[in-house]
Asks: 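Quick one: this structure, given as structure tokens, is what I'll be asking you about.
Along the sequence shown, the residues carry numbers beginning at 1. Keep in mind it's a predicted model, so treat the numbers as computed, not measured. Values reported hereafter were calculated over all heavy atoms of this structure, with side chains retained and with hydrogens, waters and symmetry mates removed.
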Amino acid sequence: MADGTRIPVGRQAVALAVLVAALAGCSFGSDSGEAEFVKEADAICAQHERQIALIPPPQTFLRDFAVFMRRAVPIAREQNQKLRAIDVPEDDAADFRRMIGLMDQQLDLWEQAGRQAFDGNEAQAQETFAQSSGPGEEAQRISAEIGFFSCARPEG
């Protein structure tokens with residue numbers, strides 16, 4: 001299954017950066033006056049960011065990508081579950097729930113792409129992974145509206 005194929009630097013590298021940022025790179029603004037919410041969510045995201053950063057990035061698309069997804073997705077799901085448990089200011093609650101729901105949809109697609117890659121279905125895995133950009137982009141838009149600096153956003 002690991003055929004030695006190198007991950008293309010462009011799209012896959014960007015996707016991996018988006019994965020790490022979206023799954024764990026939360027950092028929130030403090031201008032909103034909702035300091036406790038910001039502090040608690042930021043601590044959750046930082047903890048999971050550190051965990052995902054310890055996973056070696058994939059060197060090949062199929063096997064390494066599949067292994068990376070099998071390790072990273074559960075960490076991100078745990079993050080989303082913990083985020084759901086915090087007290088969210090009423091003004092942000094609906095958007096925050098929607099953002100996390102979209103992140104879950106993206107994780108579902110990443111998990112599916114990881115299974116497809118593990119099974120050696122490169123074309124399907126690439127297509128499924130590409131489909132994940134829709135929920136990811138919408139989560140990014142909502143993130144910006146709420147006022148987060150990087151949660152559910154790609155870096156640079």
Side-chain angles (χ1 to χ4, degrees), residues 1-29 41-86 88 92 94-156:
M1 287 190 210
D3 61 2
T5 304
R6 302 289 298 173
I7 296 174
V9 173
R11 195 171 62 183
Q12 296 304 341
V14 170
L16 182 58
V18 170
L19 168 72
V20 172
L23 296 179
C26 297
S27 202
F28 302 92
D42 193 37
I44 290 168
C45 292
Q47 172 193 7
H48 292 85
E49 178 180 324
R50 286 188 300 272
Q51 290 175 4
I52 290 174
L54 295 173
I55 303 170
Q59 299 299 310
T60 62
F61 181 72
L62 288 175
R63 179 76 174 169
D64 289 354
F65 175 81
V67 170
F68 183 86
M69 288 299 180
R70 284 185 175 187
R71 293 180 70 191
V73 168
I75 294 168
R77 288 195 189 282
E78 179 182 297
Q79 171 189 280
N80 288 358
Q81 194 62 28
K82 287 182 179 181
L83 287 172
R84 279 187 180 86
I86 65 175
V88 181
D92 294 324
D95 287 338
F96 189 70
R97 283 192 305 270
R98 174 83 175 126
M99 183 188 79
I100 293 173
L102 288 162
M103 291 167 67
D104 284 338
Q105 289 176 21
Q106 189 173 41
L107 289 173
D108 290 344
L109 290 166
W110 282 338
E111 185 172 41
Q112 181 179 350
R115 282 192 310 269
Q116 292 166 334
F118 189 82
D119 291 340
N121 299 320
E122 183 172 1
Q124 286 179 325
Q126 293 269 4
E127 182 179 327
T128 301
F129 191 72
Q131 291 172 4
S132 73
S133 66
E137 289 170 4
E138 180 66 6
Q140 293 168 22
R141 185 190 64 73
I142 294 169
S143 171
E145 287 179 4
I146 292 172
F148 299 147
F149 291 119
S150 61
C151 190
R153 282 189 185 182
E155 292 183 358

Asks: For the residue pair Glu111 and Met69, establish whether any side-chain heavy-atom pair is separated by less than 4.5 Å.
Replies: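 When only atoms from C-beta onward are counted, Met69 and Glu111 do not touch, as no gap falls below 4.5 Å.
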Asks: What distance separates Thr60 OG1 from Leu62 CG, expressed to the nearest 0.5 Å?
Replies: 7.0 Å
Asks: I want to check something: taking the side chain as every heavy atom from C-beta on, are Phe118 and Phe65 in contact at a cut-off of under 4.5 Å?
Replies: no
Asks: Listed by chain and number, what are the side chain to side chain contact (heavy atoms under 4.5 Å, CB included) partners of Gln47, not counting sequence neighbours?
Replies: Arg50, Gln51, Lys82
Asks: Which residues satisfy the side-chain hydrogen bond (donor to acceptor under 3.5 Å, both in side chains) test with Gln124, sequence neighbours excluded?
Replies: Asn121
Asks: To the nearest 0.5 Å, how far apart are CD1 in Ile55 and CZ in Arg71?
Replies: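 That separation rounds to 5.0 Å.
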Asks: So which heavy atom on Ser132 is nearest to which on Gln106, and how close?
Replies: O-NE2, 3.1 Å
Asks: Apply salt bridge (charged side-chain N to carboxylate O under 4.0 Å, His left out) to Glu137 and list each qualifying residue two or more places apart in sequence or on a separate chain.
Replies: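 Glu137: no salt bridge (charged side-chain N to carboxylate O under 4.0 Å, His left out) contacts found.
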Asks: Give, for atom CZ of Phe61 and atom CZ of Phe129, the distance between the pair rounded to the nearest 0.5 Å.
Replies: 7.5 Å
Asks: What distance separates Ile44 CD1 from Glu49 CD, expressed to the nearest 0.5 Å?
Replies: 14.0 Å
Asks: What residues form a salt bridge (charged side-chain N to carboxylate O under 4.0 Å, His left out) with Asp95, not counting sequence neighbours?
Replies: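 Testing Asp95 for salt bridge (charged side-chain N to carboxylate O under 4.0 Å, His left out), a comparison that skips the adjacent residues, returns none.
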Asks: Just to verify, what does Gln112 make a side chain to side chain contact (heavy atoms under 4.5 Å, CB included) with, not counting sequence neighbours?
Replies: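 If we apply the side chain to side chain contact (heavy atoms under 4.5 Å, CB included) test to Gln112, skipping adjacent residues, the hits are Leu109, Arg115, Gln116, Thr128.
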Asks: Could you tell me which non-hydrogen atom of Met103 sits nearest to which non-hydrogen atom of Ala139, and how far apart they are?
Replies: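 Looks like CG-CB, 4.1 Å.
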Asks: In plain terms, say whether Arg77 and Asp108 are close enough for a salt bridge, that is, a side-chain N and a carboxylate O under 4.0 Å apart.
Replies: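 Answer for the salt bridge query: yes.
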Asks: If the condition is side chain to side chain contact (heavy atoms under 4.5 Å, CB included), which residues does Glu138 pass it with, not counting sequence neighbours?
Replies: Arg98, Leu102, Arg141, Ile142
